[in-house]
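These numbers come from a predicted model, not from an experiment. Only this structure's heavy atoms are used, side chains among them; waters, hydrogens and symmetry mates stay out.
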Amino acid sequence: MKTNQYSGFHKLTMEQRAQEVAEFAGLTAEELAHITKPGALSDNVADKCIENVIGTYQLPMGIAMNFVIDGQERLIPMVVEEASIVAAASNAAKMARPSGGFYTSYTGNIMIAQVQVVGVSNPHFACHSILHHKEEILAAANAKDPILVKITGGAKDVEVRVIDTLIGPMVIAHLIVDTGDAMGANAVNTMAEAVAPLIEQITHGTVKLRILSNLAAYRLARATATFYKDAIGGDSVVDGIIAAYAFAEADPFRAATSNKGIMNGMDPVVVATGNDWRGMEAAAHSYMYYKYGKYTSMTRWEKDADGNLTGAIEIPMMVGLVGGATKIHPAAQAAIKILGVKTAEELARIIAAVGLAQNFAAMRALATDGIQKGHMKLHARNIATVAGATGDMLDKVVARMVADKKISVEYAKELIAKL
Ligand SMILES: CC(C)(COP(=O)([O-])OP(=O)([O-])OC[C@H]1O[C@@H](n2cnc3c(N)ncnc32)[C@H](O)[C@@H]1OP(=O)([O-])[O-])[C@@H](O)C(=O)NCCC(=O)NCCSC(=O)C[C@@](C)(O)CC(=O)[O-]
Ligand SMILES: NC(=O)C1=CN([C@@H]2O[C@H](COP(=O)(O)OP(=O)(O)OC[C@H]3O[C@@H](n4cnc5c(N)ncnc54)[C@H](OP(=O)(O)O)[C@@H]3O)[C@@H](O)[C@H]2O)C=CC1
């Protein structure tokens, strides 16, 4: 496969798809086997990732097609259990292609470590004292990670705040750290612990928590795309999507589902690359309050002067290529090679684009046929399997359920009995 716009890719067998992906990404047979051969992880790394390991739990890895991001064709590995997500991402990317696909930007690999100081009688004065000693504090932080300092410069700045809390004022110091191609949690936690004694001396207070913030408000990935109205169903579809977006922008009940739809795109890539999806989720949802003062849509959708649909997303994206499980998980390494990324920045930008694509696909389906038509057609295989259908019988049962527009375990069982 020389291009990722492979119409009918989904009609190939698993083995054929794997070979096409390996050819596009230049995967060796061994690298491909880390994905296609179950059990690879338990042979060498599972017991090094977490505690009390007894084995491994497998999830499907699908490949979203058609993505052009900043002018480059990308295959997107997505690890997820839910039907229709990979199809939706592929469909959205296909519809974005006529305008050139997705365009991204990024603010840098900047993480925040928090140091909490309590018992300070003059908190505002203490904040100034911390800032007077900024260079000393940065030196103490950077002494803990010479590798990071060599690569990125490490801790770059200190910020301070006084917050009023239920137990009185607290001085909160933020270490601002460039963590390079690492997600950086362990790195910044180590630095926060290292500077605590110095901050206690400076403030005459007591340091309690020393921990990163997952509200990675300085590590933002952005993506935009233009969907030509004629490529997505015309003015009524554009207006339908704008109305769906306006609902999510205004209502947290809708925003929660619309943003879950965005996570349908972002989480599977974060998981596929061995990154911390809990941290990414915490960052993305909390950023809504930080930026907009309310829980709202993570995306912004508008009409351009020609009536085409334009979308944008700005989201904290703290993912790494080194550190955590990424470096030691062979399938994560293979996924990174499929993506063709060399830096954490590239990966962050791609994930933001996939989130935007997923939101478009969901809202377009909702604004036209409704989600069930596309979703349940793909979920039918899952339903038929639950009912006990296998092999050719499975295909026959799925075809009949879709044709009869009756997709349920009950009806699948009826069909199995009949067929
Ligand atoms: C599902 C589609 C794409 C069908 O849409 P369609 O128009 O029937 O698809 P199509 O048959 O015309 O195919 C168009 C392209 O879609 C892809 N595609 C099509 N079928 C497959 C397949 N079997 N396997 C892999 N890829 C597939 C593929 O790229 C294909 O291009 P082609 O290969 O033909 O050149 C569409 O209905 C859709 O995008 N629906 C949205 C589904 C969705 O968002 N699923 C997420 C789960 S629902 C949810 O939890 C989120 C939500 C909805 O609650 C969020 C919210 O509320 O906002
Ligand atoms: N989200 C959260 O709240 C938390 C997440 N975590 C977990 O922390 C892990 C990620 O932490 P992270 O600090 O990335 O993990 P690591 O500590 O494993 O990796 C970071 C280290 O890799 C080394 N390194 C090598 N090459 C590079 C490079 N090019 N750029 C940057 N660093 C490089 C650095 O120095 P050196 O070699 O000296 O280490 C750096 O400190 C994830 O598993 C995450 O789940 C942990 C706590 C909290």
Side-chain angles (χ1 to χ4, degrees), residues 1 4 6 8-22 24-25 27 31-43 45-46 49 55-67 74-93 260-278 280-281 325-326 329-339 347 350-351 354-355 357-358 361-362 371 374-391 394-395 397-398 402 407 409 412:
M1 170 165 75
N4 73 352
Y6 188 130
F9 181 78
H10 53 89
K11 295 180 180 118
L12 300 176
T13 64
M14 266 177 70
E15 293 71 25
Q16 288 169 331
R17 293 184 212 123
Q19 287 309 320
E20 294 291 356
V21 167
F24 183 92
L27 289 187
E31 288 168 332
L32 184 62
H34 288 312
I35 295 171
T36 57
K37 295 282 168 289
L41 186 65
S42 54
D43 297 348
V45 295
C49 280
T56 57
Y57 170 90
Q58 310 213 345
L59 281 172
M61 178 188 281
I63 302 290
M65 306 298 286
N66 306 319
F67 274 87
R74 301 280 188 172
L75 290 181
I76 314 290
M78 300 177 83
V79 171
V80 68
E81 86 296 337
E82 184 174 359
S84 79
I85 288 174
V86 176
S90 303
N91 197 20
K260 184 268 179 187
I262 293 166
M263 292 301 161
N264 278 343
M266 301 204 298
D267 276 312
V269 189
V270 175
V271 173
T273 54
N275 276 288
D276 182 346
W277 73 90
R278 292 84 62 206
M280 185 275 285
E281 288 258 358
T326 303
H329 192 308
Q333 287 299 307
I336 285 165
K337 190 163 179 182
I338 291 169
L339 280 159
L347 177 58
I350 288 170
I351 295 170
V354 179
Q358 203 75 37
I371 198 68
H375 179 86
M376 291 311 283
K377 187 168 81 172
L378 298 172
H379 189 55
R381 295 187 67 77
N382 179 307
I383 296 283
T385 305
V386 168
T390 56
L394 181 78
D395 295 334
V397 169
V398 168
V402 172
I407 297 172
V409 174

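The two residues P77 and A272 make their nearest non-hydrogen contact at O-CB, 3.7 Å. Listed here is the closest heavy atom pair of N4 and F67: ND2-O, 2.8 Å. For the pair T56 and A46, the tightest heavy-atom approach, listed with the atom from each and the gap, is CG2-CB, 3.9 Å. The shortest non-hydrogen separation linking G274 to A332 is N-CB, 3.8 Å. Closest of all the heavy-atom pairs between I338 and A25 is CA-CB, 3.6 Å. Shown here for A92 and A357, the closest heavy-atom pair between the two residues is CB-O, 3.3 Å.
In this structure, K337 and E31 have side chains that are in contact, with non-hydrogen atoms separated by less than 4.5 Å. V21 places none of its side-chain heavy atoms less than 4.5 Å from the side chain of Y6. Taking the side chain as every heavy atom from C-beta outward, L339 and L347 approach each other to under 4.5 Å. Between N264 and V80 there is no side-chain heavy-atom pair separated by less than 4.5 Å. A heavy-atom distance below 4.5 Å is found between the side chains of L12 and E20. H329 is not listed as a side-chain neighbour of T273, based on a closest heavy-atom distance of 4.5 Å or more. A heavy-atom distance below 4.5 Å is found between the side chains of M1 and L75. L32 has its side chain within reach of Q19: a pair of non-hydrogen atoms, C-beta onward, lies under 4.5 Å apart.
Remark: side-chain polar atoms of E81 are not paired, donor with acceptor, to backbone N or O of P60 under 3.5 angstrom.
Of the candidates E281, M280, Q358, M280 is the only one forming a side-chain contact (heavy atoms from CB on, under 4.5 Å) with M266.
Atom-to-atom distance recorded for R381:CZ and D395:CG is 5.0 Å, nearest 0.5 angstrom. The distance from atom CD1 of I351 to atom CH2 of W277, rounded to the nearest 0.5 Å, is 13.5 Å. One distance of note links CD of E82 with CG of L59; it measures 12.5 Å at 0.5 Å rounding. Between R17 atom CZ and M65 atom CE the span is 10.0 Å, to the nearest 0.5 Å. For the atom pair CD1 of I383 and CE of M376, the computed distance is 5.0 Å after rounding to the nearest 0.5 Å. Atom CD1 of I407 sits about 11.0 Å away from atom CG of N382, to the nearest 0.5 Å.
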